[in-house]
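Written out below as structure tokens is the structure these notes cover.
A, B, ... follow the sequence lines: proteins, then strands. Residue 1 opens every chain.
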Amino acid sequence: MTFSNLLIQWYLRNKRDLPWRNTNNPYPIWLSEIMLQQTRVAQGMPYFLSFTTVFPTVFDLAKADEEQVLKLWQGLGYYSRARNLHKTAQHVADELSGVFPGTYKDLLKLKGIGEYTAAAIASFSYNEVVPVVDGNVFRVLSRYFDIETDIAAASAKKEFAALAFELMPKDNPAIFNQAIMEFGALQCVPKSPNCGICVFNESCAALQKNKVDRLPVKSKKLKVRNRFFNYLVVNDEQGNTVIQKRTDKGIWHNLYEFPLIETEKVEDFDCITERIQKEFFTNNGIISIMECNEKSIIHKLSHQHLHIKFWKVNIKGTIENGIDVVTLRTFPFPIVIHNFIEKDL
DNA sequence: AACGCGGGGAT
DNA sequence: ATCCCAGCGTT
């Protein structure tokens with residue numbers, strides 16, 4: 001029994017029924033692949049369902065404004081995916097008559113589509129013989145063949161792609177690509193895989209050498225930056241508040257937030273009060289300032305730890321550019337701000 | 001080649 | 001706490 005035969009046999013018995021697997025249409029396949037980049041199936045699923053409902057075709061997605069796309073993407077993270085998704089939808093709709101490029105090579109030219117996603121779409125939609133290399137493939141192949149190559153190295157992707165290409169049945173690349181990823185997601189999991197019931201437990205090199213838990217090898221660990229955000233939740237006599245768009249580079253680009261005072265460390269009531277008076281409401285329009293959360297909310301991103309405090313600022317009169325709470329809820333927010341609005345506002 | 005970019009689930 | 005998830009774009 002070959003590796004691919006055994007793998008595909010396992011897949012046919014164990015695969016999940018996922019909506020994007022019941023089609024060859026590149027549009028929903030593309031949508032699912034973008035959403036699932038660095039994202040678990042369970043987390044991406046509700047977003048896939050809402051996007052395909054609200055935007056049944058690439059033309060519907062192209063017609064939307066970016067703000068509506070970001071609102072629907074709210075909470076999924078890595079928001080550049082949503083911005084690129086929207087731009088690519090407009091490109092496909094306007095320049096390509098709604099028809100996705102038909103090859104791996106041409107798919108690769110689209111914004112937001114890299115080697116993995118191009119291979120996924122080309123194989124799933126067009127049955128092109130091109131291997132996918134994602135985190136699952138690195139793990140499965142590094143263990144089965146005992147490959148100690150650092151998967152963080154730039155050359156690793158080529159090495160594993162070449163191996164996967166040799167292994168894949170040239171008459172059915174789609175099922176092989178689906179199978180190896182599903183096998184990595186369900187059976188050959190990162191921690192404590194149940195090798196006792198694995199179909200490869202007599203041929204897996206890592207299992208034979210008792211080093212499953214040490215593969216794949218991955219170097220590179222990132223350092224985390226601490227940041228301190230103080231959000232001003234303004235409240236005027238109409239009950240209106242103020243939000244602004246994050247337009248600079250960095251996290252949450254093009255999402256909305258309350259007026260922000262970023263500090264170097266946790267600051268107390270007096271410090272923040274002084275800065276609010278000096279930088280925001282100089283003409284003494286402040287009625288009161290209240291600390292919404294005494295302890296900072298620590299919102300952990302993969303590369304930054306955000307220590308967040310919300311400050312309720314009650315002011316006299318009517319603020320310029322104020323918006324009511326109903327309108328407020330229609331804007332796309334980072335999930336930590338969204339949660340504050342829903343629970344504590 | 002290295003870094004920035006979200007949020008959440010599993011261990 | 002730590003790791004990792006159907007990665008990509010920028011520098």
Selection: [range], any non-hydrogen atom under 4.0 Å of DNA chain C:
range: residues 149-166 of chain A; result: none
range: residues 241-260 of chain A; result: A/K249
range: residues 108-127 of chain A; result: A/L110, A/K111, A/G112, A/I113, A/G114, A/E115, A/Y116, A/T117

With sequence neighbours left out, write down each residue that passes side chain to side chain donor-acceptor pair (under 3.5 Å) with [X], or none if nothing qualifies.
X: A/S125; result: none
X: A/S97; result: none
X: A/N235; result: A/N314
X: A/T117; result: A/Q37

- Task: Report the nucleotide, chosen from B/dG7, C/dC5, C/dA6, that has the shortest atom-to-atom distance to any side-chain atom of A/P334.
- Result: B/dG7

- For A/R329, check salt bridge (Lys or Arg N to Asp or Glu O under 4.0 Å) against everything at least two apart and list the hits. A/E342

- Partner residues of A/K157 under the salt bridge (Lys or Arg N to Asp or Glu O under 4.0 Å) criterion, sequence neighbours left out: A/E115

- Query: Among A/Y78, A/F55, A/F51, A/F48, which one satisfies ring-ring contact (aromatic ring centres under 6.0 Å, His included) with A/W73?
  - Reply: A/F51

- Task: From the options A/K15, A/R16, A/R13, select the one residue that forms a salt bridge (charged side-chain N to carboxylate O under 4.0 Å, His left out) with A/E182.
- Result: A/R16

- Message: Students often get this wrong, so: under 4.0 angstrom with heavy atoms, is A/S80 touching a base, only sugar-phosphate, or nothing?
- Response: nothing

- Message: Taking any heavy-atom pair under 4.0 Å as a contact, classify A/W20: base, sugar-phosphate, or nothing.
- Response: base

- Message: For A/Y104 and A/Y126, I'd like to know if the aromatic rings sit close, meaning centre-to-centre distance below 6.0 Å.
- Response: no

Please list, one pair per line, the donor and acceptor atoms closer than 3.5 Å that link side chains of residues 315-323 of chain A to other protein atoms, with sequence neighbours excluded.
| residue | atom | partner | partner atom | Å |
| --- | --- | --- | --- | --- |
| A/T318 | OG1 | A/Q238 | NE2 | 2.8 |

Between the protein and nucleotides 8-11 of chain B, which nitrogen or oxygen pairs are less than 3.5 angstrom apart?
none

- Item | Residues forming a ring pair (Phe, Tyr, Trp, His ring centres under 6.0 Å) with A/H307, sequence neighbours excluded | A/F228

